[in-house]
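Please read all numbers here as calculations on a predicted model, not as lab measurements. Here is the naming used below: chain letters follow the sequence lines, and residue numbers restart at 1 for every chain. Side-chain atoms are counted along with the backbone in the values below, which use heavy atoms only and exclude waters and symmetry mates.
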Amino acid sequence: MFHLFERRIQSAFQEFLKHQYDIELPVAMEQPKQASFGELATPVAFQLARQWKRAPQQIAQEIVQRLGPVEGVAALEVAGNGYINIRLDRGVYGRALLEGQSAPPAPKPGKIIVEHTNINPNKAAHIGHLRNAVLGDTFVRLLRETGCQVEVQNYIDNTGVQVADVVAGFYFLEKKTPAEVEQLTRTTRFDYLCWDLYARISQHFREHPESLEWRKTTLHAIEEGHGELAQIGHLVADAIVNCHLNTMGRIGIRYDLLPRESEILQLKFWAQAFELLKQRQAIYLETEGKNKGCWVMPSAAFQQEAEEEDGKVIVRSNGTVTYVGKDIAYQLWKFGLLGKDFYYRVWKTYEDGHRVWVSTASAAENVSEDQRPSFGRAWQVYNVIDSRQSYLQDVVVAGLRQLGYAEQAERSIHFSYEMVALSPRTLAELGVELSEEDRRRPYVEVSGRKGLGVKADDLIDKLVETAQQEVDSRHPSEPAEQRRHIAEQIAVGALRYFLLKFTRNTVIAFDFQEALSFEGDTGPYVQYAAVRARKILEKLQERGEPMPDFEKLLSREALARQLAREDFWQLLLAASKAGLAVERSVATGEPAHVARYAFTLAQAFNSFYHDYPVLTEQDPEKRTLLLWATQYFHRQLEWTLSVLGIATPPYM
RNA sequence: GGGGGCGUAGCUCAGAUGGAUAGAGCAUUUGCCUUCUAAGCAAAGGGUCGCAGGUUCGAAUCCUGCCGCCCCUACCA
């Protein structure tokens, strides 16, 4: 609602300037830092001062005097130095909020693919993976909320080195048969077992470099697709994918499609892309130097001011393709530019009937397109990948550009974020011995190869446990099952908020104490504010009182009277900016903005809650206003939280 | 060496298009539970926005140089 008023006022200023002075100027609008200055402000007089060579203050005076009435504006004031402060008509604004049905945003044409999570299916997910998935999932929610059609993909690298290493661990180190591994996949926490095995085999490789032959053999067998090693590869990857889906499911994250590397290989996606790249001479066969015998993309393609550097190897001298090469093929497919498609079958159906699909190489398994969603052929693609891989993402985009797909290259967006590291205190809690060098650092990087990290499920368990204690102590008489459910909602709120409150390019030094806190700038704080509002509305119902007919009782005059009180007005105003926060967040690609907004709004309500007992208010008009403000706030905050993937519990 | 990011209160972080007295949370200190839930509210202290120049009515924000930290710069992903 706020941005409607903002736009209207802005265009009033612009038309005034056009008619009176024949000036076309994009008038800047700001939200003043101090509420006492009004709801909007414009430095337009400063913009004009240079051209007109007159004092800004004088110009501002002139504009204010001549502008005339603008709908929804109560007053224009010139601030000392030349600002024009704008005060909204609170009665008009209040009525607009009261009457305004927030129609769902118009659907936007063109599908957007968001690829996120992308965890190697060889071990349990850790805290860094959670940041990726929560950022990606929240951005998906933000996009959908603004009318975008979004397809969520979680790419499964089931044939890579990481899977191969765990397979080698089972086969060569542990001497397990496929049948035995199959048994293990049925045990709980198979992903934890692989976590440890991965650390062990990595250490074995470090200590016995000659055994790296195992990796080579395994990789080859997996690529070929038959034999016991390949069998174990499938068992491990499929089982771990299910573990990851369960972990992510716990925090409300789902997918539409799991494209797998095995199909990219089997269906010869790469061969097709390779031909295209060769035809358009985007890559060349190196004939000398250290890259002799490799197909290479010249660095000039993806680096500005590239010096005489070696390019990026796309095909190794032994004929195998690198990950980047496969990624180019995958990216082409996402835009429908490859001229090939996967076959598809259902991987899993969620409780509410939503299906996750998976790529398959088998035409026999394929579900025809009229029986399933249509995949790929996107207008725009977001790849949620950590910033360490920006170089490789540049290569992928350069590949598209070299093939003549400049527009698609432009619409390939690396949604990057910084890593999650571990704080020294948390490392100590994990019982990790630090080297002298690490001790001096503010944080230490997670390492799967060393088995160093905080597992996602462990963290979630810990959060649930902590929340459970709080809920149990406050509501001992409520049903145990419900208390458990609420503890889970709080845990999810705490976790998602914690990962979202940092902007994307901030390295998070993960700290248990901080993440497990439910006070201050946290998810539970925000949830608590919403719960308090809900409780007031429920109490009203318990007393047998109907919800007042706000539209009838709160006339423009009544609203103007009541909203003259600054506290009421500020709460309502803040609550009305939820849509604005979401729009801004999408525009800047920064989910943290919505998290910040939710916290600020919660703060405003908590203060209001403390100062104005709603149900005991004696003045009827004031009480109606208090109730309406409570209801409106609750609706807006609950919606904002839902966009962040955070539920509002019935009680806390 | 090259590319990218960062440097704001004791700590962890926000500061959209340059704009008014630079903000939160934590921690510290002090008040407030017989009230719609104290996972809360109110208040206090705490800052050369890394340093030095420049651009202009105005710079934490833009430009240049320097200092410090991190990441990338593989025939790993």
Presence of salt bridge, [Y] and [X], under 4.0 angstrom:
X	Y	answer
A:E465	A:K462	no
A:K326	A:D157	no
A:E545	A:R623	yes
A:E286	A:K292	no

>> In this structure, how many angstroms lie between the P atom of B:rU12 and the CG atom of A:L500, rounded?
In response: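 Rounded to the whole Å, the gap is 21 Å.
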Who does [N] pair with, Watson-Crick or G-U, both distances under 3.5 Å?
N	result
B:rC41	B:rG31
B:rU12	B:rA24
B:rG65	B:rC51
B:rC36	none

Closest to the [X] side chain: [options]?
X	options	value
A:N120	B:rC41, B:rU37, B:rA77	B:rA77
A:S607	B:rA42, B:rA38, B:rC72	B:rA42
A:N291	B:rC57, B:rA38, B:rC75	B:rC75
A:K290	B:rA39, B:rC75, B:rG40	B:rC75
A:T503	B:rC41, B:rC6, B:rA14	B:rA14
A:Y609	B:rU37, B:rA20, B:rC72	B:rU37
A:I536	B:rC72, B:rA77, B:rC36	B:rC36
A:T506	B:rG40, B:rU37, B:rA14	B:rA14
A:L392	B:rA77, B:rA38, B:rA39	B:rA77
A:Y525	B:rG40, B:rC75, B:rA14	B:rG40

> Where do A:G520 and A:Y525 come nearest, in terms of heavy atoms and distance?
Replying inline: O-CB, 3.0 Å
Using the [atom1] atom as the point on both nucleotides, what is the distance between [M] and [N], in whole Å?
N	M	atom1	answer
B:rA14	B:rC6	C1'	15 Å
B:rA60	B:rU17	P	13 Å
B:rU61	B:rA9	P	15 Å
B:rC41	B:rC57	C1'	42 Å

> What about A:N85: does its side chain form a donor-acceptor pair under 3.5 Å with the base of B:rA20?
Replying inline: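 Answer is yes: a donor-acceptor pair is held.
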>> Between B:rC75 and A:S317, counting only base atoms on the nucleotide and side-chain atoms on the residue, is there a donor-acceptor pair under 3.5 Å?
In response: yes
>> Walk along nucleotides 21-26 of chain B from 5' to 3' and tag each nucleotide B, S or - by protein heavy-atom contact under 4.0 Å, base first, then sugar-phosphate.
In response: B--SSS
> With no hydrogens and no angle check, do the side chains of A:Q570 and A:D567 hold a donor and an acceptor under 3.5 Å apart?
Replying inline: no
> Is the number of heavy atoms from other residues, nucleotides or ligands under 6.0 Å of A:E24 CD greater than 12?
Replying inline: no
> Do A:I63 and A:F13 have side chains that get closer than 4.5 Å, going by heavy atoms?
Replying inline: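 Side chain of A:I63 against side chain of A:F13, heavy atoms only: contact under 4.5 Å found.
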> A:R532 side chain N/O closer than 4.0 Å to the phosphate oxygens (OP1, OP2) of B:rA38?
Replying inline: yes
